[in-house]
4 protein chains.
Amino acid sequence: MKAFVMKEIGRVGFTHKPVPQPGPNDAIVRTSRALICTSDSHTVGGGIGPRHDLTLGHEAVGVVAEVGSEVREFRPGDRVVVGAITPDWGDPASQAGHSSQSGGPLGGWKFSNTKDGVFAEYFHVNEADANMARIPDDVSDDAAVYCADMLSTGFMGAEHGDIPIGGTVAVLAQGPVGLMGTAGAKLRGAGLIIGVDAVPTRLKLAQTYGADEIVDFTREDVVERIEELTGGEGVDTAIEALGADATFQIAVRITKPGGTVSTIGYYGTGEYVHIPRVPWGVGMAEKTIATGLCPGGRLRLERLLRMLSAKRLDPTLMTTHIFAFDEMEQAFEVADKKLDDVVKVLVTF
Amino acid sequence: MKAFVMKEIGRVGFTHKPVPQPGPNDAIVRTSRALICTSDSHTVGGGIGPRHDLTLGHEAVGVVAEVGSEVREFRPGDRVVVGAITPDWGDPASQAGHSSQSGGPLGGWKFSNTKDGVFAEYFHVNEADANMARIPDDVSDDAAVYCADMLSTGFMGAEHGDIPIGGTVAVLAQGPVGLMGTAGAKLRGAGLIIGVDAVPTRLKLAQTYGADEIVDFTREDVVERIEELTGGEGVDTAIEALGADATFQIAVRITKPGGTVSTIGYYGTGEYVHIPRVPWGVGMAEKTIATGLCPGGRLRLERLLRMLSAKRLDPTLMTTHIFAFDEMEQAFEVADKKLDDVVKVLVTF
Amino acid sequence: MKAFVMKEIGRVGFTHKPVPQPGPNDAIVRTSRALICTSDSHTVGGGIGPRHDLTLGHEAVGVVAEVGSEVREFRPGDRVVVGAITPDWGDPASQAGHSSQSGGPLGGWKFSNTKDGVFAEYFHVNEADANMARIPDDVSDDAAVYCADMLSTGFMGAEHGDIPIGGTVAVLAQGPVGLMGTAGAKLRGAGLIIGVDAVPTRLKLAQTYGADEIVDFTREDVVERIEELTGGEGVDTAIEALGADATFQIAVRITKPGGTVSTIGYYGTGEYVHIPRVPWGVGMAEKTIATGLCPGGRLRLERLLRMLSAKRLDPTLMTTHIFAFDEMEQAFEVADKKLDDVVKVLVTF
Amino acid sequence: MKAFVMKEIGRVGFTHKPVPQPGPNDAIVRTSRALICTSDSHTVGGGIGPRHDLTLGHEAVGVVAEVGSEVREFRPGDRVVVGAITPDWGDPASQAGHSSQSGGPLGGWKFSNTKDGVFAEYFHVNEADANMARIPDDVSDDAAVYCADMLSTGFMGAEHGDIPIGGTVAVLAQGPVGLMGTAGAKLRGAGLIIGVDAVPTRLKLAQTYGADEIVDFTREDVVERIEELTGGEGVDTAIEALGADATFQIAVRITKPGGTVSTIGYYGTGEYVHIPRVPWGVGMAEKTIATGLCPGGRLRLERLLRMLSAKRLDPTLMTTHIFAFDEMEQAFEVADKKLDDVVKVLVTF
């Protein structure tokens, strides 16, 4: 089969691989739609170290082609979405409620990290009963594929942020994960949602997904503006959706005492991330810093799909570009270089 | 001043009383709008025992007339909403996070219970800095008055129900508190909200406030229908918004193992409320039963008002009747006897 | 192999069965120690319906005899304790944090319910990597076997009770699970622990495990005495460890507003369990009712074993009787009929 | 009256002041015992900026001398302990469960910060009903005074650390607050407690208060040793009890994915506190960072006093030095310069 791989650090392209085989608990899925993620660029850039001919991609839907002997919930022909994170559910970390950390730090992240990803005609799903979900008839592949990572990660930002009904929230960066953090804040009942970015199309989308106020950080001082919007108090919850030290520091500054900094980005550079000591209340202002990695699992996916069935939001508004799998090199370039005001690139198979 | 009182069990009417005086921490508010609540009927019916010339009512907005020497946050002329529940914030129960229980069981409930209520030209607010909130200019009195009890209690039903994003919720009874429970479920991100009642106008309002499905209990078996709607699983959260034993039992039945029964009604009769043993999983199915009494406090009120400013919902759709304070006897009869498809009666001063 | 079975409702005895075989994810364990539980009596009495030649027992330790092809963590010869509850960890209920409810209400309870139990020379463990734990060298089989159910269930009572440091706790019934509820309350930092029972040896053990005060319900009114001990307030947490309607009602009465009734018993009779309406604060006193079924899993078992390694408590004090497996009929009679002040019967293989 | 004050940055001494007068909600307490805290040194060193003749001290017990008109719970002659932190309980931050942040960041910290402290013959207590507790007859002043700050702050470290029964905990630094963090970890049911320090007397006390293992950071690499003690996993909870950047970084490193860094120290220097990026799982390992400031309030104090009544621990083991108030200058020097292996200095009045 055809697979789009990281050949080595900095270089991508097509190759051919055998169709994978399932173990007793696994499934093989024939890919129908996939999305390109910023982490694919991180990986190709060397973020997780060298890889050789590793298939890229972790966001996909498809049709079940084959299942292992112990799989009970799925049959060939089922239309499914698969989590970007596919935990080992019996692992102690999963038993502790941290399935994304099963098998070690970030261990639930297997696709295009510790095994081949989804940018291929077929891909392999471990613990299939637990790591994928059937797509309801009233949800399209084009929408369902957003459940794999974007909805799950973005909403997690709001969930970890412990937002009270009527609370105040700032979402720093309005890329696709930040946009879903904005949507998540709305879904948890925030009373004031402030979206921060600089790209006009993203700020526009932020408003569509729930931002009551937008702040263009190239035009305004973010800390000052958010203090102004919150009567000098700061926000109950700051969602950091970029993974940048500077943004993290802003998040700590704008969070009120007793509030939460919920960070959902991948911090890719630097030896340290810096907590500004005095704004952090010299370690005594009860500003909690929460982090996380995209929750996976059938239950999570089913709940996210239910939100699409119920038309609570339309993630396909983020699809700015569509390519066929054969055009993957071009597609990857658009996503990687953030060409043409790209938000999200959908790949069809 | 003129006050509308419970003269004795079963009898209401106007009387005259002196305008109340504030202690050092208190305020006196000149009433501008009030709502009549089912609990007022309970009280008049003898639900909390005999009372003599007790001013009724606990949901009101008004203008600050006078403040005590220690009040820092408010000044005469401020337009404010006052919580139906006005806790003692220094009490150990408040320090434990259960302010509605300060001073003893349900001790935060003072209006028309342990002191005069709000159906009068003026009323007294204990710990004024902590128990009222300034109304923003963009929120009308007619809307703000719903924050005192209806929004706070209804939303609490959803909050105590621990609803996950995409979770399933049934709200049993769509009176004003149940309607706000329905709205609350939507605000917390439920993926399927089932509203149960029998009155067509209430079921219609339920849909407006967020119910994806409605069940008319006079036409369908509620347990069967909800099992059908949830694929046989039951709901993550059942909100019991009536305070009736029969409804409570249904709530236990329709909740899935690991789910929550969140009950927000006043159980007015019977020696016992009955948990059906086997549907409760013989005490081992991890179906939590949570209860509560309307959260009060400035912070809560400010957050609820923010939801109105942000136009997250419009509670005035529940106002089916409007009377002047002089017509209070007629107003009370409409509410008490549930005449004319009443949902909520607004009283103007 | 030899197995001690429920032949039909009301009748037990030995039989012979083939040694079980593991599926890919399973293990077979050669039994070395087992404990008899009150639920074994419930089962024989018909509590879960008719069974034919079902092997009894769910609390055991042993040595791994064989493992399936997918098992990674264990090898033949490993000395292990197996949870009484052996969940399906990939099930949505487990993903929601309610593994004991995987596969349906109480679905994690498989031993001597939906498959053969542990009163046999060998027994079968599903998802072996996730459902058993290696026993450290410094913990004896005689002690480790208590982790399977007694410690896990009893401690759960304290955990669900949400006990604050310095909080007040009453534990109703001091059978082995209640004793471990008492120990659990001590381990969570309760400041006043009240143990209730009537059997002198149990009350004595309650004091050993942490009860500051004991109440003999045959000599004192429990509600009055607990009110007296708590200055009229009631307790923060009442742990109901019997599974009886009358005890449950006491639990609701003695819990303060805002407190928690944590119930860990199996309610075996009656159509309803009764909540006393007025002591429950007419459904508004924020007295939460929490239930649960013994948490299983490797992580849980490892943590419990760590408590034994660290000598935090000695569960073998509860072993009042020891029998060889050949004497199982006599052993079962002692446990079943509660002869001779029995607390817990240990069976050696 | 005589008061021991900070005359200016770097200079302390006695002065005379008038006895304070209570407002309607306040009390005046005649001091009987006080403890000197490291924060007193921070303050004198200029940590919170310049002060002129500010009375120092925030840990004290005494006898009520006078109460305001609105005080209900206390009368002159009552023997009381007063919280180091005396929140405004009606403030929105308190209503949100963050009373230490009432009135702004760390706003509950009033003594020797925004008003005179307790190193005087009399001191003033705001919201007296809510901020002090009667000392039971079976608890000495010498013990009760530890409830004001040491027990409350140290235990908070364990509470915020979300320690599961049988969990693993490291407590970094075994000064008095760290020792109470160690005791708190024991009280929450940790299964392995590792105490880190370098002073032999402190490590010895750590063992007395519950440390199963001690690590002398001058002899061993802390990170390596803790990994070894936890089988390479790291701890569930790291309590940072020093307020130093280097120790904080160790805390992040030794915490397992999904675990919690609970920091209770005052970070006194540097523009930033540094999170090591990769050990933090590039912001995705679900290592929560929690902070806090000593919980105050009558409920908290009563619960802590109950722990002393019940003899759960003996804080007076930390009293290495006792001075009379007249010897305050000498006493302060011992504490400030950490002379003579001092742990805690008690001052008698």
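Per chain, numbering begins at 1; letters A, B, ... match sequence-line order.
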Query raised in the report: Checking heavy atoms, do the side chain of Gln249(C), its backbone, both or neither come under 4.5 Å from chain B?
Result: side chain
**Report entry** Residues in salt bridge (Lys or Arg N to Asp or Glu O under 4.0 Å) contact with Glu240(B), at least two apart in sequence or another chain
**Finding:** none
Query raised in the report: How would you list, by chain and number, every residue that makes a salt bridge (Lys or Arg N to Asp or Glu O under 4.0 Å) with Glu228(B), sequence neighbours excluded?
Result: Arg225(B)
Query - Heavy-atom pairs under 4.5 Å with chain C, option from Thr288(B), Leu106(B), Thr263(B) with the top count - result: Leu106(B)
Report task. Can you check whether anything in residues 149-165 of chain C gets within less than 4.5 Å of chain B, heavy-atom wise, and list it by number? Result -> none
Report summary line: Expected contact set for residues 266-287 of chain C against chain B at heavy-atom separation under 4.5 Å reads Tyr266(C), Tyr267(C), Gly268(C), Thr269(C), Gly270(C), Glu271(C), Tyr272(C), Val273(C), His274(C), Ile275(C), Pro276(C), Arg277(C), Trp280(C), Gly281(C), Val282(C), Gly283(C), Met284(C), Ala285(C), Glu286(C), Lys287(C)
